[in-house]
2 protein chains.
Amino acid sequence: MAGLDVQTGPRYLAVRRAVERWIRQGQFPEGARLPSEGELARRFGCSRMTVRQAIAALAAEGLVQRRHGVGTFASRPRALRRFWTVLSFTEEMRAHGVEVQNHLLSVRRERPSEAVRRALALAPGELVYRIRRLRLVAGHPVAYHVSCIPVRICPGLDGLDLASDSLYRLVEEHYGYRFTRCERVYRPVRATAPEARLLEVPPGTPLLLVEGVAFVDAGLPVDACYEVYRE
Amino acid sequence: MAGLDVQTGPRYLAVRRAVERWIRQGQFPEGARLPSEGELARRFGCSRMTVRQAIAALAAEGLVQRRHGVGTFASRPRALRRFWTVLSFTEEMRAHGVEVQNHLLSVRRERPSEAVRRALALAPGELVYRIRRLRLVAGHPVAYHVSCIPVRICPGLDGLDLASDSLYRLVEEHYGYRFTRCERVYRPVRATAPEARLLEVPPGTPLLLVEGVAFVDAGLPVDACYEVYRE
DNA sequence: TAGTGGTCTAGACCACAAG
DNA sequence: TTGTGGTCTAGACCACTAA
């Protein structure tokens with residue numbers, strides 16, 4: 001009658017399944033308002049707290065959105081955008097509800113290393129901005145990040161607000177590029193002395209090294225980066 | 001007296017802050033059992049449901065682990081192990097509390113494509129196991145995955161239970177290897193007709209393509225994989 | 001003002017794990 | 001058997017939003 005499953009198990013899971021079915025089968029298309037919690041409780045013949053438990057699970061999954069004082073709305077299942085956002089650490093963490101502080105250690109015009117020169121296909125003698133940052137979560141350092149970006153491609157990058165915004169977003173907005181591809185290598189390393197100091201771990205602690213290159217539309221390599229992660 | 005904040009706001013947030021502080025400051029080191037929910041309710045002068053709301057939030061964050069019938073235990077903020085587990089989709093999803101079903105489409109001994117042959121540094125004429133799988137979350141396909149593993153390195157792989165376990169875990173356990181490095185390329189593609197059919201999207205839908213090679217200790221390439229993700 | 005979600009209570013019984 | 005977390009109730013009042 002109310003659409004509850006015949007299946008056994010906790011009542012809130014039955015409610016959850018029922019509401020999920022409504023949304024997935026299109027009875028509540030994206031953006032539509034669901035019945036209020038009180039109404040659902042009445043329909044399913046359970047208490048409002050039980051309905052809330054079901055709805056909370058769906059909200060955590062991204063299948064519904066709750067708006068205080070307004071209602072609960074059908075939404076899209078967010079699936080696995082995680083991999084996209086490998087491109088942008090800051091945005092990924094924000095999407096997970098984790099506050100990230102980017103502490104800018106330094107940004108300098110430098111002569112690139114041979115590896116970076118090759119990765120970015122630079123002409124001999126060409127300079128890069130070398131951007132060193134520390135990523136902090138809840139005040140604790142979690143990663144040390146070095147990006148190298150050709151001065152020719154992003155002139156004046158050192159004058160922008162690198163501390164507070166996502167580097168990739170900044171490059172996209174100020175220089176009109178769009179990152180579309182990246183290559184990454186993941187491998188374990190042990191913390192060097194300076195890395196250990198920055199990340200507040202003993203030297204030699206196992207870290208994850210991620211090295212990579214990010215490309216924009218035309219296949220142009222724009223960022224050669226080096227990161228080490230704690231944990 | 002119970003360590004509740006002076007700060008304003010919902011009571012469950014005060015409880016949450018207090019318990020979080022206990023753990024972060026080491027009063028409950030990793031693995032230690034926290035007071036029971038009833039005990040916490042008594043200490044904080046609130047109902048058990050309020051304590052549960054606080055603990056649920058910490059559990060979602062990974063700062064505590066709950067074990068039915070046993071207790072609640074301090075854990076490590078999981079920080080960013082995400083990147084490690086790029087190596088194993090199944091394990092990563094499980095760690096996030098998402099049930100993944102691996103639907104085995106086929107596993108066959110095949111002659112590899114030229115690209116795979118190069119990636120795996122195969123001798124001419126060498127064969128690979130080509131493992132085609134569909135990843136399902138909540139019954140819906142989210143990714144199509146093709147792995148190629150040299151028959152020489154993992155003989156008899158086609159006889160193992162590829163459907164129910166993580167492929168990498170299986171290889172590590174049965175053949176004594178340990179995956180330590182992987183290379184990945186991420187880029188957007190449009191769904192081909194067969195991919196569209198498998199992932200239940202219209203052909204041409206934007207997908208994320210991840211191509212890569214995974215290596216074991218000695219630097220030996222063991223898996224050349226190709227995956228496309230919805231969304 | 002009316003209706004919504006957000007918080008909270010003081011109980012209850014069940015399922016699970018371990019001694 | 002004991003103690004834990006898991007589920008559930010039938011209310012209550014608050015905070016927010018929109019009419």
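Below, all heavy atoms of this structure are taken into account, side chains as well, without hydrogens, waters or symmetry copies. Chain identifiers are assigned alphabetically (A, B, ...) following the order of the sequence lines, protein sequences preceding nucleic acid strands; residue numbering begins at 1 within each chain.
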Nearest-Å distance for atom pair CE/C1', residues B/Met49 and C/dC13
14 Å

Want to settle it: does B/Val51 or A/Gly69 sit nearer the 5' end of DNA chain C, counting the closest nucleotide to each?
A/Gly69

Side chain of A/Tyr12, heavy atoms from C-beta onward: which of D/dT7, D/dA10, C/dT4 has the nearest atom to it?
D/dT7

Expressed in angstrom and rounded to an integer, what is the separation of A/Glu39 atom CD from C/dG3 atom C1'?
13 Å

Winner on side-chain proximity to A/Val70, out of D/dG6, D/dT17, D/dT9, is D/dT17

Picking from D/dG6, C/dG5, D/dC8, which would you name as closest to the side chain of A/Ser36?
C/dG5

B/His68 side chain, from C-beta outward: closest of D/dT9, C/dT9, D/dG6:
D/dG6

Salt bridge check: are B/Glu39 and B/Arg42 linked by an N-O gap of less than 4.0 Å?
yes

Side-chain atoms of A/Ser47 come closest, of C/dT7, D/dA10, C/dT4, to D/dA10

Which distance, rounded to the nearest 0.5 Å, do you find between the CZ of A/Phe28 and the CG of A/Leu34?
5.5 Å

Whole Å only: how far is the CG atom of A/Leu40 from the P atom of C/dT4?
10 Å

With the side chain defined as heavy atoms from C-beta on, A/Arg52 is closest, among D/dG5, C/dG6, D/dT9, to C/dG6

Proximal nucleotide (of C/dT4, C/dC8, D/dG6) relative to the B/Arg48 side chain:
D/dG6

A/Arg42 CZ to C/dT4 P: how many Å, rounded?
12 Å

Considering only heavy side-chain atoms of A/Arg11, the closest of D/dG5, D/dC8, C/dC8 is D/dC8

Residue-phosphate contact under 4.0 Å: B/Thr50 side-chain N/O, C/dT9 OP1/OP2:
yes

Short side-chain donor-acceptor distance under 3.5 Å, B/Arg132 and B/Tyr144
yes

